[in-house]
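Notes to accompany the following structure.
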Amino acid sequence: MSASAVNLNNAELSRLPIEGPNYDRGSVSVGIAHIGAGHFHRAHQAAFINLLLQQGLAREWGICGVGVMPTDWTMRDVMNDQDGLYTLILENPDGSRDAQVIGSIVDYRYAPDDPESALEVLAAPSTRIISLTITEGGYRDPDGPAFALLTKALDRRRRRGIAAPTIASCDNIENNGEVARRAVLANAERVAPELAAWVAEHVRFPCSMVDRITPATTLEMAAEVRRDLGVDDRWPVVAEPFAAWVIEDDFADGRPPLEQAGVLVVDDVRPYELMKLRLLNAGHQCLAYFAHLCGFEFVHDAARDPLFAEFLLSYFDTEAIPTLPPVPGIDLHDYARTLIERFANPAVRDTVARLCAYSSDRIPKWLYPVICDNLASGGPVRLAAAVVASWARYAEGVDEWGVPYEVLDQLADSLVPIARSQYDNPTAFIEVTAVFCDLAHQPRFVEAYRWALDSLHRKGARATLEELLR
């Protein structure tokens, strides 16, 4: 720790060398319980609520973070030691940065240690919104810890006659509110039919779109905050300046004045949601595997390579945007071009490895729908098929120089051996129906996929991209 760095806790707030909460945190009560208070939530939803608190609004809408995974113990310790405070650093493309201490998370509960404490905050009458960022994979198993805990809390509320909450999914999943609703109802049915009926009638599940590129925090980032900003923060958050939040106006028991923080509260989130998932999120996957195979470590270096920028724009313009409905107030082609600029921001230091991780949770939700829509409409699938082929090549776990690397994925134990068998069976990877459904039986897709995979094996990633764009 730097000799002059200020410890980050309530007692030291008056000594902060950077902007901090201008409100009395002691007067802020919990109105939102957030399951999965990791780096994205703290860069996004918590920052929006902090902005409202800075305006003297939303004092009854403070946040209690809820950790449900065993690995959340590190966040538990940091949140407890720092009274929920953390530094948010926005990295501007010109190299400047804006930093402030966020104070909207006023409590934290860790369910693996104390499930009763977590249940009580989720079931409290004052907790009127329960929001989620549990990653795309968190919805794979409706019996997982997040939904099991949530269902117990809803049952407790019903039995005590407490008003139903709003459950707001903030994960990158198409129709995320409905996906969360189905998962909760499936759990509730197993507990008691009357609970499921109560949930169906009273709980609200608004869909939302969230957008801010937020790389994982590193020890180097924490050291920079100590050295450059004079704040001893064990888990700061770094993000890009851009942030967007669009949420459906469907709340069970009131909500904060989100519009005052720049949130779009709309009747229909779907156009915004599809835009973000099929352009930004799928765009990240379009870049990730080719970039890794070409030896890039950071996203911005790949996005600044003219070949990669051209490939991304071609995917956006010819395959993704034609599958999208109009988005009120947004020119989709302009939005696509701003994505290249956002990806190319060198200060964010987002890693290619982060984009490559957990692909079996991401590709089916972000890229697969584009492929399906284009197959159904007769639209092109050549570039998206090449992206899937690049994932299959990446999943072999050995780069173009013969150096092995770890493939981080929920299904790695099965996918890596399958990927390594594709020299003998070129469609082995896409025959995994749990990920690709029937794509291996779609001739137009299979032809494009086999060409790309063969080219990746024979010529390498860069030559394959060049050929795709000829």
### Task
Mind checking the CD1-CG spacing from Ile340 to Leu312? Nearest 0.5 Å is all I need.
4.5 Å

### Query
Can you tell if the side chain of Tyr23 reaches within under 4.5 Å of the side chain of Gln54, non-hydrogen atoms only?
yes

### Summary
In terms of heavy-atom contacts, Ile32 and Ser131 come closest through CG2-OG, 3.6 Å

### Task
State whether a side-chain donor-acceptor pair under 3.5 Å links Arg278 with Thr323.
yes

### Task
I would like to know whether Arg337 and Glu341 meet salt bridge (charged side-chain N to carboxylate O under 4.0 Å, His left out); could you show each step before the answer?
CA-CA 7 Å; Arg337 278 151 183 76; Glu341 297 168 8; over 6 Å; no

### Task
Assert yes or no for the condition that the ring centre distance of Phe296 to Phe308 is strictly below 6.0 Å.
yes

### Message
Aromatic contact between Phe343 and His284, with the criterion being ring centroids under 6.0 Å apart: yes or no?
### Response
yes

### Message
For Met75, is the CE atom crowded, meaning more than 12 foreign heavy atoms sit under 6.0 Å from it?
### Response
yes

### Query
Any donor-acceptor pair under 3.5 Å linking the side chain of Glu12 with the backbone of Arg15?
no

### Query
Between Tyr358, Trp366, Phe436, which is the residue that forms a ring pair (Phe, Tyr, Trp, His ring centres under 6.0 Å) with Trp391?
Phe436

### Query
Measuring from Asp317:CG to Leu313:CG, what's the distance to the nearest 0.5 Å?
6.0 Å

### Message
Is any side-chain heavy atom of Pro145 closer than 4.5 Å to one of Met69?
### Response
yes

### Criterion side chain to side chain contact (heavy atoms under 4.5 Å, CB included) on Leu16 and Leu13, from CA distance to verdict
CA-CA 5 Å; Leu16 281 178; Leu13 275 177; 3.6 Å; yes

## Note on the structure
In terms of heavy-atom contacts, Thr87 and Asp233 come closest through N-OD2, 2.6 Å

### Task
Could you tell me whether the side chain of Thr151 and the main chain of Phe147 form a donor-acceptor pair under 3.5 Å?
yes

### Message
For Ile167 versus Leu154, what's the shortest heavy-atom pair and its separation?
### Response
CD1-CD1, 3.9 Å

### Query
So which heavy atom on Arg304 is nearest to which on Ala344, and how close?
NE-O, 3.0 Å

### Query
Hey, what do you get for CZ (Arg362) to CG (Leu277), rounding to the nearest 0.5 Å?
12.5 Å

### Message
Can you confirm whether Cys207 sits close enough to Val246 that some side-chain heavy atom of one is under 4.5 Å from a side-chain heavy atom of the other?
### Response
no

### Task
Report yes or no: is the cationic atom of Arg342 (NZ for Lys, CZ for Arg) under 6.0 Å from the centre of the six-membered ring of Phe242, at an angle within 45° of the ring normal?
yes

### Query
Does any N or O in the side chain of Arg42 come within less than 3.5 Å of the main-chain N or O of Trp235, such that one atom is a donor and the other an acceptor?
yes

### Task
For the residue pair Asn175 and Glu273, confirm or rule out a side-chain donor-acceptor distance under 3.5 Å.
no

### Query
Under the side chain to side chain donor-acceptor pair (under 3.5 Å) rule, what pairs show up with a residue in residues 102-111, not counting sequence neighbours?
Asp107-Arg109, Arg109-Ser117

### Message
Between His44 and Thr214, do the side chains contain a donor N or O and an acceptor N or O under 3.5 Å apart?
### Response
no

### Which atom of Ala99 lies closest to which atom of Ile89, heavy atoms considered
CB-CG1, 4.2 Å

### Query
How about Asp350 and His300: does a side-chain donor come under 3.5 Å of a side-chain acceptor?
no

### Query
Judged by modelled atom types alone, do Asn10 and Arg25 share a side-chain donor-acceptor pair under 3.5 Å?
yes

### Query
In this structure, which one of Val266, Val269, Asp268 forms a side-chain contact (heavy atoms from CB on, under 4.5 Å) with Glu248?
Val269

### Query
Counting heavy atoms not belonging to Asn22, are there more than 12 under 6.0 Å from its CG?
yes

### Query
When rounded to the nearest 0.5 angstrom, what is the spacing between CG in Asn9 and CG in Asp81?
9.0 Å

### Message
Under a 3.5 Å cutoff, is there a donor and acceptor pairing between the side chains of Asp171 and Tyr139?
### Response
yes

### Task
Output, in order, the C-alpha distance, side-chain angles, deciding distance and verdict of salt bridge (charged side-chain N to carboxylate O under 4.0 Å, His left out) for Arg156 and Glu116.
CA-CA 11 Å; Arg156 186 168 292 189; Glu116 185 60 28; 2.6 Å; yes

### Task
Using the salt bridge (charged side-chain N to carboxylate O under 4.0 Å, His left out) rule, take Arg97 and Asp228 through it: C-alpha gap first, then chi angles, then the decisive distance, then the call.
CA-CA 11 Å; Arg97 56 171 45 149; Asp228 300 340; 3.4 Å; yes

### Message
With side-chain hydrogen bond (donor to acceptor under 3.5 Å, both in side chains) as the criterion, how do Glu136 and Gln410 come out once you've worked through the C-alpha distance, each side chain's angles and the decisive distance to 0.1 Å?
### Response
CA-CA 11 Å; Glu136 298 73 43; Gln410 305 267 21; over 6 Å; no

### Task
Could you tell me whether a side-chain N or O of Ser390 sits under 3.5 Å from a main-chain N or O of Val387, the two making a donor and an acceptor?
yes

### Query
Is Met275 close to Ile321 at the side-chain level, that is, under 4.5 Å between some pair of heavy atoms?
no

#### Entry: From CG (Leu132) to NE2 (His41), nearest 0.5 Å
11.0 Å

### Task
Search all heavy atoms of Ala320 against all heavy atoms of Leu279 and return the closest pair with its distance.
CB-CD2, 3.6 Å

#### Entry: Leu8 and Val6, any side-chain heavy atoms less than 4.5 Å apart
no

### Query
Going through the distances and angles, do Asp98 and Leu88 end up as a side chain to side chain contact (heavy atoms under 4.5 Å, CB included)?
CA-CA 8 Å; Asp98 301 305; Leu88 175 61; over 6 Å; no

### Task
Ignoring hydrogens and angles, tell me if any N or O in the side chain of Thr166 forms a donor-acceptor pair with the backbone of Ile129 under 3.5 Å.
no

### Message
salt bridge (charged side-chain N to carboxylate O under 4.0 Å, His left out), that's the test. Do Glu220 and Arg226 meet it? Break it down for me.
### Response
CA-CA 10 Å; Glu220 180 188 7; Arg226 284 192 294 275; over 6 Å; no

### Query
Does a sphere of radius 6.0 Å around CG in Asp267 hold more than 12 heavy atoms from other residues, nucleotides or ligands, not counting ones at 6.0 Å or beyond?
no

### Message
Is any side-chain heavy atom of Tyr368 closer than 4.5 Å to one of Cys437?
### Response
yes

#### Entry: Reported CG-to-CD distance for the pair Asp155 and Glu194, which is rounded to 0.5 angstrom
8.0 Å

### Query
Less than 4.5 Å apart, any side-chain heavy atom of Pro271 and any of Ile330?
no

### Task
For residues Tyr335 and Phe316, establish whether the separation of their ring centroids is below 6.0 Å.
no

### Query
Can Lys365 and Asn172 be counted as having a side-chain donor-acceptor contact under 3.5 angstrom?
no

### Verdict with supporting geometry, Ser360 and Asp409, side-chain hydrogen bond (donor to acceptor under 3.5 Å, both in side chains)
CA-CA 7 Å; Ser360 64; Asp409 196 284; 2.5 Å; yes

### Query
Phe251 versus Arg204: any side-chain heavy-atom pair under 4.5 Å?
no

### Task
List the steps, then state whether side-chain hydrogen bond (donor to acceptor under 3.5 Å, both in side chains) holds for Tyr289 with Gln285.
CA-CA 7 Å; Tyr289 317 105; Gln285 307 316 119; 2.7 Å; yes

